[in-house]
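Worksheet for the structure shown next.
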Amino acid sequence: MSKKFYITTPIYYPSASPHLGHAYCTTLCDVIARGKRMRGFDTYFLTGTDEHGEKIEDNAKAKGITPQQFVDGVVKSFSSLWEATKISNDDFIRTTQERHVKTVQRIFSKMLEKGDIYLSSYTGWYCVHEESYWTETQVGPEHLCPECGRPVEKKDEPAYFYACSKYSDWLLDFYAKNPNFITPESRKNEMINTFIKPGLLDLCVSRTSFDWGIPVNEDPKHVVYVWLDALTNYISALGYLQDDDSKFKEFWEDPDCEIVHVVGADITRFHTIYWPMFLHSLGLREPNRVFVHGLLMMKDGKMSKSRGNAISAYPLIERYGVDAVRYYLVAEVPFGSDGTFTPEQFVMRVNQDLANNIGNLLNRTVSMIIKYFDGVIPEYKGSVSPLDGPLHDKCLQTIKDYEALSDELKVTESYEKVMDLVRAANKYIEDSAPWALAKDESKRAELQSVMAHLAEVLFTSGKLLEPIFVTKSEKIFDSLGMSQEERSYENVGKFGLLNGHIINKQAPLFPRLDEQKEIEYIASLMAAPKEKAAA
RNA sequence: GGCUGUGUAGCUCAGUUGGUUAGAGCAGCCGGCUCAUACCCGGUAUGUCGAGGGUUCGACUCCCCCUACAGCCA
């Protein structure tokens with residue numbers, strides 16, 4: 001029986017079209033999912049959109065269309081971005097889908113019945129102009145709307161609440177028993193110190209002040225308010241409380257399935273406090289891990305449409321290819337911390353890691369095999385020269401490290417290991433100096449061994465990089481003359497696999513970029529939206 | 001204001017439980033090679049390890065205080 005793995009992205013709020021920041025998070029998840037799948041894990045990868053709420057209702061009204069029409073439009077821009085970035089999600093959940101609506105309503109009923117949800121009233125500072133509530137701290141001592149600056153008034157409306165307080169001890173105990181539940185750990189301290197220790201407030205889970213939401217069956221003037229709706233996507237997509245819940249049985253109920261939610265810092269609280277509680281209420285298992293990823297920032301701060309500093313993924317993909325963009329996202333920002341997008345770093349990454357390192361290794365190896373052995377990869381005969389053994393060992397060690405780091409979700413580090421191997425191979429060429437061996441007929445066996453080793457390392461590197469290189473890894477395997485069956489992950493590290501293969505010379509894997517020119521080009525992409533915003 | 005975290009070479013960062021000359025990548029400089037996408041390889045400089053105090057035979061690593069920055073505060 002193969003091991004199971006379920007990974008989710010946050011469900012995105014389609015109030016505006018997505019940018020490179022959205023692509024960052026989803027791409028990282030995709031790389032993890034593809035990596036697990038490649039290694040034989042029974043993997044399920046979910047992404048989706050969170051389509052309810054007042055803001056969507058307002059945006060639709062402003063455009064003179066229905067909320068459903070509005071989200072249908074924006075969601076298309078998300079799914080086409082996922083197509084362009086080659087996201088391999090197994091499903092796409094939309095909270096407006098019938099399957100999700102039903103599950104949420106049934107969950108609400110269950111919790112109501114159990115007494116975990118109760119009717120009370122929501123009190124807050126209400127701004128009539130913005131039609132929204134603010135908290136005491138948000139309105140400040142002057143009691144002014146933080147959005148429009150108008151005076152707010154204290155108002156209440158009937159609302160259902162989820163009784164968090166009764167589970168806060170359970171939650172602390174859960175954290176203690178599952179020390180890796182929240183990554184990075186500093187986020188856990190934040191949650192404990194700011195919310196749990198001072199006493200958890202019950203969570204408002206319904207509203208009557210707007211309509212664009214899932215109606216509460218028992219009390220239809222209420223719609224389910226944000227988190228009970230949104231978080232549920234992770235199980236509604238699997239069929240929880242639906243006719244066909246086979247996926248749910250497979251990827252949620254099976255205790256051997258590892259479940260990982262990747263989230264942004266802004267929604268940590270909901271995923272690490274309320275979500276485990278909701279599940280506990282329903283008598284369901286909790287996820288293994290909530291991974292809080294960092295942000296891809298711009299020089300002037302957070303990337304966002306409204307700030308006018310967001311950069312689109314499309315022109316980058318079109319000009320540099322999807323592999324380069326994916327590689328940049330994985331390599332540049334260590335998964336879990338923030339990073340800054342700059343044209344200089346983008347071009348540098350592509351040139352150094354892709355063109356000079358792996359691309360050039362392939363190119364020079366292919367050329368030498370053609371030149372010295374008429375394009376046939378020589379037979380692998382173990383360690384012929386003293387330089388061979390260390391490269392062979394490094395290759396095997398890299399596979400081990402790669403797998404271990406991947407399983408810890410140290411994505412950036414795991415691929416850095418592969419790049420280290422590629423660097424080692426380049427050094428190995430330098431040290432063994434095949435051009436010198438070629439001039440000495442008595443060194444023929446050594447020369448053969450060098451080529452055999454390089455070919456094997458190229459296959460292994462290409463394979464390990466395949467979750468990122470959705471098109472280029474195939475090119476590497478093509479160059480090595482490999483059949484489809486030979487490209488399986490099981491062959492990674494199996495020296496001798498490529499004996500006698502016929503090499504195919506191809507165009508450079510990643511063309512080297514003209515630094516100045518490309519930096520200027522990318523900078524022009526970054527400037528464009530700002531001008532638009534100013535106009 | 002409260003809580004948490006960070007501050008190490010020009011840049012991005014590693015530094016396990018305190019222990020010999022503080023590391024990597026990139027940029028810089030010098031040199032080598034030619035199979036290769038002017039690539040690749042080797043060598044090399046620079047650091048009061050944010051400031052100050054303390055514990056210790058010995059602290060980047062522990063304690064105190066100060067400072068700058070960041071995150072969170074429903």
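To find a chain, count down the sequence lines: A is the first, B the second, and so on, and within it residues start at 1.
For Phe335(A) and Phe291(A), the distance between ring centers is under 6.0 angstrom. For Tyr162(A) and Tyr118(A), the distance between ring centers is not under 6.0 angstrom. Checked against the 6.0 Å centroid criterion, the rings of Tyr234(A) and His271(A) qualify as a close aromatic pair. Residues Phe341(A) and Tyr328(A) place their aromatic rings such that the two centres sit under 6.0 Å apart. Tyr274(A) and Trp227(A) have their aromatic ring centers separated by at least 6.0 angstrom.
Here Arg512(A) reaches the OP1 or OP2 of rC39(B): one of its side-chain N or O atoms lies under 4.0 Å away. Close to rG42(B), at under 4.0 Å from its OP1 or OP2, lies a side-chain N or O of Lys427(A). Checking the phosphate oxygens (OP1, OP2) of rG2(B), no side-chain nitrogen or oxygen of Asn193(A) falls inside 4.0 Å. For the OP1/OP2 pair of rC11(B) and a distance below 4.0 Å, the side-chain nitrogens and oxygens of Gln345(A) include no atom meeting the criterion. Regarding contacts with the backbone of rU37(B), a side-chain N or O of Asn363(A) is found under 4.0 angstrom from either OP1 or OP2.
Residue contacts for Tyr274(A): at a heavy-atom cut-off of 4.0 Å it reaches a base atom on one of the strands shown. Among the atoms of the strands shown, base atoms are found under 4.0 Å from some heavy atom of Phe510(A).
No hydrogens or angles were tested; on distance alone, a donor-acceptor pair under 3.5 Å links the side chain of Glu430(A) to the base of rG32(B).
Computed from coordinates, the Ile192(A) CD1 to rC73(B) P distance equals 16 Å when rounded to whole Å. Across the protein-nucleic acid pair, Leu362(A) atom CG and rC39(B) atom C1' stand 14 Å apart, rounded to whole Å. Between the NZ atom of Lys410(A) and the P atom of rC13(B) there is a distance of 17 Å, rounded to whole Å. Going from atom CG of Asp431(A) over to atom C1' of rU34(B) covers 15 Å, rounded to whole Å. Residue Glu515(A) contributes atom CD, which lies 14 Å from atom C1' of rU37(B) at whole-angstrom precision. We find that CG of Leu354(A) is positioned 12 Å from C1' of rU37(B), with the value rounded to whole Å. When the P atom of rC3(B) is taken as reference, atom CD1 of Ile196(A) falls 18 Å away, rounded to whole Å. Arg364(A) places its CZ atom 7 Å from the P atom of rC41(B), with the value rounded to the nearest Å.
Both distances falling under 3.5 Å, in either a Watson-Crick or a G-U wobble arrangement, place rC40(B) opposite rG32(B). Pairing partner, rA45(B): none, since no Watson-Crick or wobble contact has both distances short of 3.5 Å.
Checked by atom type and distance alone, the side chain of Glu57(A) pairs as donor or acceptor with a backbone atom of Trp212(A) at under 3.5 Å.
Between rU61(B) and rG7(B), the two C1' atoms lie 15 Å apart (nearest whole Å). Distance noted for atom P between rG23(B) and rG5(B): 29 Å (whole Å). Comparing the same atom, P, in rC64(B) and in rG71(B) gives a spacing of 25 Å after rounding to whole Å.
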